[in-house]
Asks: 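First, the structure itself, so that you have it in front of you.
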Amino acid sequence: MTFRPLHDRVLVKRVEEESKTAGGIIIPDTAKEKPQEGEVVAVGGGAIKEDGSVRALDVKAGDRILFGKWSGTEVSIGGDELLIMKESDILGIMEA
């Protein structure tokens, strides 16, 4: 199954964090916070401006992003846990 977000929405897959600290202590799942970093899986066609024109999104599939702690709506698509959020919920793009 494929999913294509509409307008200014973005489909994001969270990036898993390490479950072990630098000192070797294993962190249980119940003590972990959900990561605020993810990879863009799909993007919508763009935001519709007041004059009816479409503004292309700044992010594209494959971008690694940071987003707010409470951003997005969690969904399950094809057995994967993903987030759907508006582009405005994205704080920035991580570049190497």
Side-chain angles (χ1 to χ4, degrees):
M1 175 191 296
T2 60
F3 179 84
R4 184 176 52 90
L6 297 177
H7 308 297
D8 64 340
R9 288 184 175 74
V10 178
L11 187 65
V12 176
K13 181 174 186 175
R14 287 186 195 268
V15 174
E16 295 300 319
E17 292 183 346
E18 289 291 321
S19 60
K20 190 188 290 187
T21 66
I25 298 171
I26 296 174
I27 303 168
D29 289 339
T30 56
K32 281 194 237 176
E33 288 191 17
K34 291 187 178 180
Q36 293 174 264
E37 184 178 333
E39 182 178 341
V40 176
V41 176
V43 296
I48 299 173
K49 300 192 302 188
E50 287 183 21
D51 64 1
S53 62
V54 176
R55 182 189 64 83
L57 300 183
D58 292 328
V59 296
K60 62 186 179 307
D63 283 349
R64 199 159 175 138
I65 60 165
L66 290 177
F67 49 87
K69 191 173 196 171
W70 308 109
S71 298
T73 302
E74 293 183 353
V75 295
S76 180
I77 299 174
D80 292 328
E81 295 297 320
L82 303 169
L83 288 168
I84 299 173
M85 65 181 69
K86 287 189 167 252
E87 184 188 34
S88 60
D89 291 338
I90 296 172
L91 303 175
I93 300 171
M94 298 181 67
E95 297 175 346

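Quantities reported herein were computed from a predicted structural model and do not represent experimental measurements.
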Asks: Check Asp58 against Ile93 and note the closest heavy-atom contact, atom names and distance.
Replies: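 Nearest heavy atoms, Asp58 then Ile93: O-CD1, 3.8 Å.
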
Asks: Which pair of non-hydrogen atoms, one from Gly45 and one from Val54, has the smallest distance, and what is that distance?
Replies: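 Taking Gly45 first and Val54 second, the nearest heavy atoms are O-CG1, 3.7 Å.
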
Asks: A side-chain contact here means heavy atoms from C-beta on lying under 4.5 Å apart; do Ile84 and Phe3 qualify?
Replies: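 They are in contact (side-chain heavy atoms under 4.5 Å apart), so the answer is yes.
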
Asks: Taking all heavy atoms of Leu91 and all of Phe67, pick out the closest pair and write down the distance.
Replies: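 Heavy atoms only, the tightest pair is CD1-C, 3.7 Å.
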
Asks: Give, for atom CD of Glu95 and atom CZ of Arg64, the distance between the pair rounded to the nearest 0.5 Å.
Replies: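 Here the interatomic distance stands at 13.0 Å.
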
Asks: Which heavy-atom pair separates Ala61 from Val43 by the least distance, and what is that distance?
Replies: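 Shortest heavy-atom contact: N-CG1, 4.4 Å.
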
Asks: Please find the pair of heavy atoms, one from His7 and one from Leu57, that lie closest to each other, and give the distance.
Replies: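 Shortest heavy-atom contact: O-CD1, 4.1 Å.
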
Asks: Between Lys60 and Asp63, does any NZ, NE, NH1 or NH2 come within less than 4.0 Å of an OD or OE carboxylate oxygen?
Replies: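 The answer is yes: the pair qualifies as a salt bridge.
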
Asks: So how far is it from Ile77 CD1 to Lys13 NZ, rounded to the nearest 0.5 Å?
Replies: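 Nearest 0.5 Å value for the CD1-NZ distance: 11.5 Å.
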
Asks: How long is the span from the CD atom in Gln36 to the CZ atom in Arg14, to the nearest 0.5 Å?
Replies: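 So the CD of Gln36 and the CZ of Arg14 are separated by 8.0 Å.
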
Asks: Kindly say whether Leu82 contributes a backbone atom to a donor-acceptor pair with the side chain of Asp80 at under 3.5 angstrom?
Replies: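 Not at all, since once roles are kept as given, no pair shorter than 3.5 Å links the two residues.
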
Asks: Please name the pair of heavy atoms, one in Met85 and one in Ser71, separated by the smallest distance, quoted to 0.1 Å.
Replies: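 Nearest pair, atom of Met85 first, then Ser71: CE-CB, 4.3 Å.
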
